[in-house]
Structure formats: C-alpha cells, structure tokens
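As a basis for the values below, the full set of heavy atoms in this structure was taken, side chains included, without hydrogen atoms, waters or symmetry mates. Owing to the predicted nature of the structure, the values given are computational and were not obtained by experimental measurement.
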Amino acid sequence: TLGIVSLNYQLTDAINILGRISLDSYDQLQEERNGFGSVNIASYSRFNLTFREYNYDLIANFDKDVSENLNIKVLAGGNLRQNRQNSVFAQTNGGLVVPRLYSLANSLNPITPPIESDQRVEVGGVFAGFTLTWKNMLILDVTGRNDQSSTLPSDNNSFFYPSFSGGFVFSQLLQNVD
C-alpha cells in the first residue's frame with residue numbers, strides 16, 4: 001500500500017514550498033507445510049511480517065531567470081524517514097497430532113517460544129542543491145545532503161553526500177543548422 005498527501009504552495013513567481021507525507025506498507029504471511037510421508041517429519045511453520053515506512057518532506061524551490069542568458073535554481077529541504085518492521089516466526093515441535101491439520105495448536109509437543117522481532121529505524125536528513133544554467137547550454141550543478149541515523153553510534157551517526165556535475169548541450173550550437 002502506498003499513500004501520499006502533499007501540499008504545494010507557490011509563495012512567489014520564483015519560490016514554491018512543498019510539504020509531503022507518504023506511507024509505504026505491506027503485510028506478509030508465509031506458511032510451510034510438510035506432510036506425512038515426506039522426507040522430513042510432518043510439521044507446520046508460519047512467519048508473519050508487518051512493514052511500515054513513513055516519509056516526511058519539506059522542500060523549498062527557487063527558480064529564476066536572473067538575465068536573458070542565466071537561470072538559477074536553488075533547492076533546500078529536509079526529510080525524516082521512519083521504518084518499523086515487526087515479525088513473528090513459530091513452528092510445531094515433534095510433528096503433528098492430526099495428519100493434514102496444519103496449525104500451531106496441532107503440535108505433538110509444546111512449541112518452542114516464537115522468534116519475535118521489532119525493528120525501528122529513523123533517518124533525518126537535510127539537503128540543498130544549486131544549479132546555474134547559461135544560455136540553456138552550459139549547466140553547473142552542486143548538491144549536498146547530510147543524514148543522521150538512529151542505527152549508528154550517537155557519536156558517529158552523521159554522514160554527508162556531496163555531488164558536483166556539469167553539462168554541455170551541444171545541440172544548442174546547431175539551432176540554425178538544417
């Protein structure tokens with residue numbers, strides 16, 4: 001399941017602000033059934049998994065032609081991503097009491113305690129980008145992002161991603177060519 005709610009506000013001709021919340025989720029059930037007469041002893045196991053990912057974004061964009069030949073774009077924002085994953089695994093012990101009745105309650109012996117997991121991860125980030133375009137032909141792009149993760153040690157849980165690129169649109173030189 002994917003759900004998105006967003007609000008985009010045009011503050012001025014050159015500035016807009018976007019706020020967005022999204023959810024990605026799924027639930028999963030896996031069952032394994034080994035019947036009587038198989039190589040293994042008759043058994044039943046099940047694995048339940050629930051996954052949820054929430055993203056919260058706030059992004060400001062600036063896009064302006066400062067002259068006939070020069071365009072400037074600036075982007076700045078923040079993101080908070082929260083993941084939660086719960087799972088439970090259980091299986092019968094020593095076989096099944098009633099053949100072909102695949103249920104944890106049909107275990108010949110008491111089942112061992114289920115293996116349960118509850119994992120939570122949170123990553124917060126801030127980012128920015130700057131793009132200069134000259135005559136729709138030469139492009140300079142610089143970006144940076146810094147994230148902080150809950151899964152890393154608190155004294156070393158931040159990491160930075162810079163990027164730098166340039167472009168040249170050769171076809172802009174051929175506009176008068178048939």
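Hydrophobic clustering, with ILVMFWY side chains joined whenever heavy atoms are under 4.5 angstrom apart, keeps Phe127 apart from Tyr56. Transitive grouping of hydrophobic side chains (ILVMFWY, heavy atoms separated by less than 4.5 Å) brings Leu104 and Tyr102 into a common cluster. Residue Leu11 is grouped with residue Ile72 when hydrophobic side chains (ILVMFWY) are merged at heavy-atom distances under 4.5 angstrom, including chains of intermediate members. The hydrophobic cluster containing Leu108 also contains Leu101, counting ILVMFWY residues as joined when their side-chain heavy atoms lie under 4.5 angstrom apart, directly or transitively. By the rule that hydrophobic residues join a cluster once side-chain heavy atoms approach within less than 4.5 Å of another member, Leu80 and Ile21 end up as members of one cluster.
Under the 30°/60° scheme for interplanar angles, the aromatic rings of Phe170 and Phe168 are found to stand perpendicular. Aromatic ring orientation, Tyr26 versus Phe51: parallel (interplanar angle below 30°, classes split at 30° and 60°).
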I would like to know whether Gln119 and Val121 meet side-chain contact (heavy atoms from CB on, under 4.5 Å); could you show each step before the answer?
-> CA-CA 7 Å; Gln119 300 173 351; Val121 176; 5.6 Å; no
Show your working on side-chain hydrogen bond (donor to acceptor under 3.5 Å, both in side chains) between Ser107 and Asn93 and close with a plain yes or no.
-> CA-CA 6 Å; Ser107 181; Asn93 182 8; 5.7 Å; no
Please step through side-chain hydrogen bond (donor to acceptor under 3.5 Å, both in side chains) for the pair Ser163 and Thr143, ending with a clear verdict.
-> CA-CA 5 Å; Ser163 76; Thr143 69; 2.2 Å; yes
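Here Asp118 pairs with Arg84, Asn86, Arg120 under the side chain to side chain contact (heavy atoms under 4.5 Å, CB included) rule; sequence neighbours left out.
In plain terms, the two heavy atoms of Leu58 and Gly19 that are nearest each other are CD1-CA, 4.2 Å. What you find for Pro114 and Ala90 is that their closest heavy atoms are CB-CB, 4.1 Å. Of all heavy-atom pairs between Asp147 and Arg145, the closest is OD1-NE, 2.8 Å. Of all the heavy atoms in Asn109 and Gly94, the pair that sits closest is ND2-CA, 3.7 Å. Nearest approach of Ser149 to Val123, heavy atoms of both residues: OG-CG2, 3.9 Å.
The distance from the CD atom of Gln91 to the CD1 atom of Ile115 is 7.5 Å, given to the nearest 0.5 Å. Atom CD of Gln82 is separated from atom CG of Asn55 by 9.0 Å, given to the nearest 0.5 angstrom. Arg33 CZ to Arg46 CZ: the interatomic distance, rounded to the nearest 0.5 Å, is 9.5 Å. Here Leu29 contributes atom CG and Asn48 contributes atom CG; the two are 5.0 Å apart, rounded to the nearest 0.5 Å. The line from CD of Gln148 to CG of Asn156 is 11.0 Å long, rounded to the nearest 0.5 Å. For the atom pair Ser45 OG and Ile111 CD1, the distance stands at 11.0 Å (nearest 0.5 Å).
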Hey, can you pull the donor-acceptor pairs under 3.5 Å for the side chains in residues 62-71, sequence neighbours left out?
unit_1: Asp63; atom_1: OD1; unit_2: Asn71; atom_2: ND2; d: 3.0
unit_1: Asp65; atom_1: OD1; unit_2: Asn71; atom_2: ND2; d: 2.8
unit_1: Ser67; atom_1: OG; unit_2: Asn69; atom_2: N; d: 3.3
unit_1: Ser67; atom_1: OG; unit_2: Leu70; atom_2: N; d: 3.2
unit_1: Asn71; atom_1: ND2; unit_2: Lys64; atom_2: O; d: 3.3

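Checking side-chain atoms of Asn106 against main-chain N and O of Val98 turns up a donor-acceptor pair under 3.5 Å. Side-chain atoms of Ser6 never come within 3.5 Å of backbone atoms of Arg20 as a donor-acceptor pair (strictly under, hydrogens ignored).
Counting only heavy atoms from C-beta outward, the side chains of Phe164 and Leu140 approach each other to under 4.5 Å. At least one side-chain heavy atom of Met137 sits under 4.5 Å from a side-chain heavy atom of Leu173.
The environment of CG in Asn176 is sparse: at most 12 heavy-atom neighbours from other residues, nucleotides or ligands sit within 6.0 Å.
Remark: the Tyr44 side chain and the Glu31 side chain contain an N/O donor-acceptor pair separated by less than 3.5 Å. Residues Ser158 and Asn146 bring a donor and an acceptor atom of their side chains to less than 3.5 Å of each other. Side-chain atoms of Asn83 and Arg81 include a donor-acceptor pair closer than 3.5 Å.
The side chain to side chain donor-acceptor pair (under 3.5 Å) contacts involving residues 124-136 comprise Thr131-Asp141, where partners must be two or more places apart or lie in separate chains.
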